[in-house]
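Written out below as structure tokens is the structure these notes cover.
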Amino acid sequence: MQKKIFFLILLIITFKGFSQTNAKEKISINTEIVGKGNEKYCKVFCEGNNYFIKTTIKNNEDSSIYFYQWSCSWQSNWFTNNDSVYVKPVECDANTIERITLLPKQTVTFYGIVSTQNQLEGRYFKLGFIYLRNWNDCWNFDKKSEMNSIKNVYWSNSILLRSINNTYEIN
């Protein structure tokens, strides 16, 4: 009898665990490398291996969502899981806090650059998005010092560092 009860409890715990792992995230992030090179008018952080990326955030909810970011230096909401790969900042003439609202199933696409100091082609990384729900967080957030306590981070797919210049793909 005790074995049957133990087995039943184990079975319930197992199925409960499986049902939680299939929970849908509020947002999903898809990133792809679209080229390699340097910006035409690079003024800051020009050295290193630069990869042009296209990153799309999708609202998976059945209701609207919003988050805050800087209008020019939106890269401050992003980081990678690899210390050797970083999201390249840009030089800004004007920068204000803006609220991005996404309707259900709507997407927003960012075009940016990730950079490495070393030759890392053939290695993978992920892009993390910091979901800021309060505009004050844009002012008060220091990514470097708060890295261990960041909440509301959503991760992209795994991205292979590779040069795709002068190539094509059939999908």
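For the single chain, residues carry numbers from 1 onward in sequence order.
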Residues passing the side-chain hydrogen bond (donor to acceptor under 3.5 Å, both in side chains) test with R162, sequence neighbours excluded, are E169

Tell me, please, which residues at least two apart from T56 pass side-chain hydrogen bond (donor to acceptor under 3.5 Å, both in side chains).
T109

Looking only at non-hydrogen atoms, find the nearest pair between [X] and [Y] and report the distance.
X: F129; Y: I29; result: CB-CD1, 3.4 Å
X: I27; Y: N60; result: C-ND2, 3.4 Å
X: N77; Y: Y68; result: ND2-O, 3.1 Å
X: I57; Y: W78; result: CD1-CZ2, 3.7 Å

Taking salt bridge (charged side-chain N to carboxylate O under 4.0 Å, His left out) as the cut-off, I'd like each qualifying pair that reaches into [range], sequence neighbours left out, listed once.
range: residues 68-77; answer: none
range: residues 73-82; answer: none
range: residues 101-117; answer: D62-K105
range: residues 109-120; answer: none

Are [X] and [Y] close enough that some pair of their side-chain heavy atoms sits under 4.5 Å apart?
X: W155; Y: E25; result: no
X: V34; Y: Y111; result: no
X: K58; Y: N30; result: no

Nearest 0.5 angstrom please: [X] [atom1] to [Y] [atom2], how far?
X: T31; Y: N157; atom1: OG1; atom2: CG; answer: 5.5 Å
X: T55; Y: E32; atom1: OG1; atom2: CD; answer: 8.5 Å
X: T116; Y: K88; atom1: OG1; atom2: NZ; answer: 11.0 Å
X: Y66; Y: W135; atom1: OH; atom2: CH2; answer: 13.0 Å
X: L161; Y: L120; atom1: CG; atom2: CG; answer: 6.0 Å

Establish whether I100 and W74 are linked, either directly or via other cluster members, by ILVMFWY side-chain heavy-atom contacts under 4.5 Å.
yes

Applying ring-ring contact (aromatic ring centres under 6.0 Å, His included), can you list everything that pairs with Y154, at least two apart in sequence or on another chain?
Y131

Sequence-distant partners of [X], side-chain contact (heavy atoms from CB on, under 4.5 Å), two or more places apart:
X: N134; answer: N136, D137
X: N82; answer: T80, S84, V85, F125
X: E61; answer: K26, N59, S63, I65
X: W70; answer: S73, S76, N95, I97, C138, W139

How far apart are the C-alpha atoms of Q69 and L132, what are their side-chain angles, what is the distance that settles it, and do they pass the side chain to side chain contact (heavy atoms under 4.5 Å, CB included) test?
CA-CA 7 Å; Q69 68 178 21; L132 299 176; over 6 Å; no

Please enumerate all residues that pass salt bridge (charged side-chain N to carboxylate O under 4.0 Å, His left out) together with K126, with sequence neighbours excluded.
none

Has S71 got a side-chain atom pairing as donor or acceptor with T96's backbone, closer than 3.5 angstrom?
yes

